[in-house]
Amino acid sequence: MSLIVKRVIPQLIVSIILIVMIVFYFFYVNKSVAGVFSAWDKALSDWAIIIMAFALMVGGADIFRYHLIQIRKAGMKQAPFSIVTILLELVMIAFALIGFYISYINPESGISITTQPQFAWLYTNVYAPSDTAVYSILLFYIASASYRAFTAKNPTAALLLAVAVIVMLGNTSLGGLIWPGMLSLRDWIMTVPNTAAFRPITMGAGFGAITLGLRLLIWREVSWLGRRE
Amino acid sequence: MNMDTLALVDKVFGSKILLYILLIAALIYPFASPLGIPVSISSRTMQVYNYVKSLKPGCYVYMEIYYEVAARGELEPNVVALVKQLFDKDCKIVFVSLIGTGPIVFSLLRSTAADLFNTKKYGVDYVYLGYVSGQEAAAASLAKSIKGTVSVDNYGNRIETLPLLREVDKATDFSLAIIASSGTDTFNWYVRQWYTPYNVSLLFVALSVIAPSVEPFVGAKQAIGMLVGQRSAAEYELLVGRKGLGLASMDSQSLTHALILVFIAAGNVVYWGKRLRTKKK
């Protein structure tokens with residue numbers, strides 16, 4: 001019984017959904033059949049949206065739980081960071097709930113979760129600058145690494161360096177000033193050699209997804225059930 | 001160059017402090033005193049501009065705002081320039097975000113381009129659906145029916161009360177779908193869920209670092225074109241006649257890139273100088 005509940009039924013559900021989704025996406029019988037299929041397809045997409053919305057809540061709860069454990073286990077070294085994370089999460093949830101409440105009792109106000117003034121203020125004035133600052137620091141890391149890492153040690157590295165210089169100059173207004181053909185050369189690098197390199201990667205990922213789908217369909221893929229093959 | 005000179009060059013250019021100070025100066029100086037280096041228009045940006053120009057006045061456009069605040073500097077100037085061109089043609093835009101940061105980023109977009117949005121009426125000329133969870137499933141669902149996917153917009157208005165959403169509902173109602181994203185997957189979702197089943201024209205707005213991985217879709221004509229980073233933004237701002245952050249930051253970008261190239265050149269001089277000296281010995 002437990003094998004049926006734990007393994008057979010979930011795999012059966014996945015297989016049915018896989019077949020149905022493949023049929024919806026790739027096959028067309030006639031307009032009336034397509035109409036029925038389209039309604040089922042839409043229902044499945046909506047279920048996915050609802051499930052993912054609840055998954056976000058689970059994610060939030062998990063961050064909370066993880067940091068509570070961290071405070072208990074890792075001691076004072078980690079505690080300040082975990083406390084800040086938990087406090088900010090609670091504050092944001094509180095303001096979001098206020099926004100949700102206002103949108104429920106007074107929909108005309110135009111205030112919702114993300115437009116709740118304090119929520120938006122914290123996001124715009126605390127989260128946004130921090131996020132931008134962290135991303136901007138990348139410039140300094142890359143610049144300092146480029147001095148030592150970008151050396152033409154061999155022909156391949158020299159080619160990489162030459163291409164990098166062309167693309168970098170092409171991305172600035174200096175490139176066109178140095179040589180008017182720099183933009184065209186950058187575009188050629190991006191559309192021909194770059195595409196040639198990335199297309200197999202994209203196709204490989206596609207074939208990988210097809211293989212995974214087939215393995216799920218024939219019940220060979222069981223890692224998602226929480227066990228090894 | 002003898003070993004002492006090489007060691008000195010290595011010491012000077014290997015200094016992180018010097019590099020950081022020069023980088024900060026190269027970033028800030030052009031904002032205080034613009035250099036005005038002319039920006040030429042690439043054929044790819046021109047192609048996108050001409051495509052949007054060829055759309056019928058009053059057309060319907062779908063725009064995905066999928067980026068975090070960190071990516072705003074590169075993507076927002078492109079989006080603002082596109083919005084300007086579309087609004088000038090009286091096109092109507094349905095904005096949506098499949099990322100949680102979308103609503104805040106959209107509010108920042110609206111404040112940056114207040115001059116554009118203030119001339120248009122919310123609900124009639126543009127609508128923002130807010131964050132829709134579900135990622136690719138959401139993109140698929142929105143393609144089938146917007147009304148069937150979301151019941152209220154970002155501001156809590158019922159969808160059926162918004163005049164624009166009485167005119168459009170599914171992917172095929174749109175002349176163009178613009179995907180402004182800081183990730184790679186978003187482009188894949190829209191190619192799979194909007195282009196392949198419904199043949200909706202897609203236009204990508206991508207970060208410079210992401211663009212190479214998305215390029216195959218453009219090459220295969222699954223997207224009509226792609227605007228990449230601040231360089232494209234600067235070009236597009238010139239084309240639509242609205243100077244913004246894209247153009248303002250081009251001088252900074254040029255100076256910092258030039259500085260990095262100088263350091264790369266110095267790194268190579270030191271490396272080869274040392275290597276040749278060691279071989280001679």
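All values derive from a computational prediction rather than experimental measurement.
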Undergrad: Most heavy-atom pairs under 4.5 angstrom with chain B, which of A:Gly175, A:Ala128, A:Gly176?
TA: A:Ala128
Undergrad: Rounded to the nearest 0.5 Å, what's the gap from CH2 on A:Trp121 to CD1 on B:Ile104? Could you check?
TA: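 It is 13.0 Å, given to the nearest 0.5 Å.
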Undergrad: Chain A heavy atoms under 4.5 Å from B:Thr149: which part of the residue, side chain, backbone, both or neither?
TA: both
Undergrad: Should the heavy atoms of other residues, nucleotides or ligands under 6.0 Å from CZ of A:Phe81 be counted, would the total exceed 12?
TA: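 No, the 6.0 Å shell around CZ holds no more than 12 heavy atoms from other groups.
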Undergrad: Looking at B:Val214, B:Leu255, B:Thr101, B:Asp153, which one has more heavy-atom pairs under 4.5 Å with chain A than the rest?
TA: B:Thr101
Undergrad: With a 4.5 angstrom heavy-atom cut-off, could you sort out which part of A:Leu56 is near chain B: side chain, backbone, both or neither?
TA: side chain
Undergrad: Say you draw a straight line from CD of A:Glu108 to CG of B:Asn157; how long is it, rounded to the nearest 0.5 Å?
TA: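 That separation rounds to 7.5 Å.
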Undergrad: When you measure from the side chain of B:Ser133 to the backbone of A:Ile49, do you find a donor-acceptor pair of N or O atoms at a distance under 3.5 Å?
TA: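 Flag set: sc B:Ser133 to bb A:Ile49 pair under 3.5 Å.
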Undergrad: If you take all heavy atoms of B:Lys144 and A:Ser45, which pair is closest and at what distance?
TA: NZ-OG, 3.5 Å
Undergrad: Do you know which two heavy atoms are closest between A:Met190 and B:Glu215, and how far apart they sit?
TA: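 Heavy atoms of A:Met190 and B:Glu215 come nearest at O-CG, 3.1 Å.
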Undergrad: Can you tell me if CZ on B:Phe117 sees more than 12 non-hydrogen neighbours from other groups inside 6.0 Å?
TA: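 Atom CZ in B:Phe117 is crowded, with more than 12 foreign heavy atoms closer than 6.0 Å.
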Undergrad: Does any heavy atom of chain A fall under 4.5 Å from the side chain of B:Leu108, the backbone, both, or neither of them?
TA: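 Only the side chain of B:Leu108 comes within 4.5 Å of chain A.
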Undergrad: By a 4.5 Å heavy-atom criterion (distance strictly below it), what part of A:Leu183 contacts chain B: side chain, backbone, both, or neither?
TA: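 When you check distances to chain B, only side chain atoms of A:Leu183 fall under 4.5 Å.
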Undergrad: Shorter than 4.5 Å, heavy atoms on both sides: which option in A:Ser103, A:Pro107, A:Ala48, A:Ala143 has the most such pairs with chain B?
TA: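 The candidate making the most pairs under 4.5 Å is A:Ala143.
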Undergrad: Using a 4.5 angstrom heavy-atom cutoff, name the option from B:Ala140, B:Pro212, B:Ala71, B:Pro103 with the most pairs to chain A.
TA: B:Pro212
Undergrad: Is chain A contacted by the side chain of B:Leu27, its backbone, both, or neither, given a heavy-atom distance below 4.5 Å?
TA: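 Interface part for B:Leu27: side chain.
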Undergrad: For chain A, which candidate among B:Ser213, B:Pro197, B:Gly156 shows the most heavy-atom pairs at distances under 4.5 Å?
TA: B:Ser213
Undergrad: Which atom pair, heavy atoms only, marks the closest approach of A:Asp187 to B:Ser42?
TA: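 Heavy atoms only, the tightest pair is OD2-CB, 3.8 Å.
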Undergrad: Against chain A, label B:Ile41 side chain, backbone, both or neither, depending on which of its atoms sit under 4.5 Å from a heavy atom there.
TA: backbone
Undergrad: Is there a donor-acceptor contact under 3.5 Å linking the side chains of B:Ser141 and A:Asp46?
TA: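 Yes, a side-chain donor-acceptor pair sits under 3.5 Å.
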Undergrad: Just checking B:Lys243: does its NZ atom have more than 12 heavy atoms from other residues, nucleotides or ligands closer to it than 6.0 angstrom?
TA: no
Undergrad: Take A:Tyr141 and B:Lys16, measure what side chain to side chain contact (heavy atoms under 4.5 Å, CB included) needs, and give me the verdict at the end.
TA: CA-CA 10 Å; A:Tyr141 282 128; B:Lys16 282 182 184 172; over 6 Å; no
Undergrad: Within a radius of less than 6.0 Å around OH of A:Tyr101, do more than 12 heavy atoms belonging to other residues, nucleotides or ligands occur?
TA: no
Undergrad: Short question: side chain of A:Tyr25, backbone of B:Arg192 - any donor-acceptor pair under 3.5 Å?
TA: yes
Undergrad: For A:Ser173, does its backbone N or O pair with a side-chain atom of B:Ser254 as donor and acceptor, under 3.5 Å?
TA: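 Indeed, once roles are kept as given, a pair shorter than 3.5 Å links the two residues.
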Undergrad: Between A:Thr132, A:Ile50, A:Thr151, A:Leu139, which shows the greatest number of heavy-atom pairs under 4.5 Å with chain B?
TA: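 Of the options given, most contacts go to A:Thr151.
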Undergrad: Is it the side chain or the backbone of A:Phe26 that comes within 4.5 Å of chain B heavy atoms, both, or neither?
TA: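 Contact with chain B involves no heavy atom of A:Phe26 at all.
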Undergrad: Is B:Val270 close to chain A through its backbone or its side chain, or both, or neither, when contacts mean heavy atoms under 4.5 Å?
TA: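 For B:Val270, the contact with chain A is made by the side chain alone.
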Undergrad: Heavy-atom cut-off 4.5 Å, strictly under: side chain, backbone, both or neither for B:Ala143 against chain A?
TA: neither
Undergrad: Strictly by modelled atom types, are A:Thr114 and B:Asn154 linked by a side-chain donor-acceptor pair under 3.5 Å?
TA: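 A donor-acceptor contact under 3.5 Å links the two side chains.
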Undergrad: Checking side chain to side chain contact (heavy atoms under 4.5 Å, CB included) for the pair A:Leu161/B:Asn268: CA distance, chi angles, key distance, verdict?
TA: CA-CA 10 Å; A:Leu161 180 60; B:Asn268 277 280; 3.6 Å; yes
Undergrad: So do the side chains of B:Tyr155 and A:Ile111 get within less than 4.5 Å of each other, counting heavy atoms only?
TA: no
Undergrad: Would you check if the side chain of B:Gln253 reaches a backbone N or O of A:Asn171 as a donor-acceptor pair within less than 3.5 Å?
TA: yes
Undergrad: Any ion pair linking A:Arg148 and B:Asp10 (charged N to carboxylate O, less than 4.0 Å)?
TA: yes
Undergrad: Under a 4.5 Å heavy-atom cut-off, does chain A meet the side chain of B:Tyr271, its backbone, both or neither?
TA: side chain
Undergrad: With a 4.5 Å cut-off on heavy-atom pairs, point out which of B:Ser208, B:Ser145, B:Ala211 contacts chain A the most.
TA: B:Ser145
Undergrad: Identify the residues of residues 223-238 of chain B whose heavy atoms come closer than 4.5 Å to a heavy atom of chain A, ordered by number, or report 'none'.
TA: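 Within residues 223-238 of chain B, the residues that come under 4.5 Å of chain A (heavy atoms only) are B:Arg231, B:Glu235.
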Undergrad: Between B:Pro216, B:Gly148, B:Gly267, B:Ser43, which has the largest tally of heavy atom pairs under 4.5 Å with chain A?
TA: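 Top count of heavy-atom pairs under 4.5 Å with chain A: B:Pro216.
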Undergrad: Which residue out of B:Ala70, B:Ala138, B:Gly14, B:Pro38 racks up the most heavy-atom pairs below 4.5 Å with chain A?
TA: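 Of the options given, most contacts go to B:Ala70.
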Undergrad: Checking an interface table here. Which of residues 196-213 of chain A come within a heavy-atom distance under 4.5 Å of chain B?
TA: A:Phe198, A:Arg199, A:Thr202
Undergrad: Side chain of B:Trp272, backbone of A:Ala152: donor and acceptor closer than 3.5 Å?
TA: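 Yes; at least one donor-acceptor contact below 3.5 Å.
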Undergrad: With chain B as the partner, which of A:Ala55, A:Ser144, A:Gly170 has the greatest number of non-hydrogen pairs under 4.5 Å?
TA: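 Of A:Ala55, A:Ser144, A:Gly170, A:Ser144 has the most heavy-atom pairs under 4.5 Å with chain B.
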Undergrad: Quick check on A:Ile105: does its CD1 atom have over 12 non-hydrogen neighbours (other residues, nucleotides or ligands) under 6.0 Å away?
TA: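 Result for CD1/A:Ile105: enclosed.
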Undergrad: Would one find more than 12 heavy atoms of other residues, nucleotides or ligands at under 6.0 Å from atom NZ of B:Lys170?
TA: no
Undergrad: Measuring heavy-atom distances to chain A, does B:Ile37 have an atom under 4.5 Å in its side chain, in its backbone, in both, or in neither?
TA: both
Undergrad: Should B:Ile260 and A:Tyr147 count as side-chain neighbours, where that means a heavy-atom distance under 4.5 Å?
TA: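 No, side chains not in contact.
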Undergrad: Is any side-chain heavy atom of A:Thr191 closer than 4.5 Å to a side-chain heavy atom of B:Arg44?
TA: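 Heavy-atom side-chain distance check passes, below 4.5 Å.
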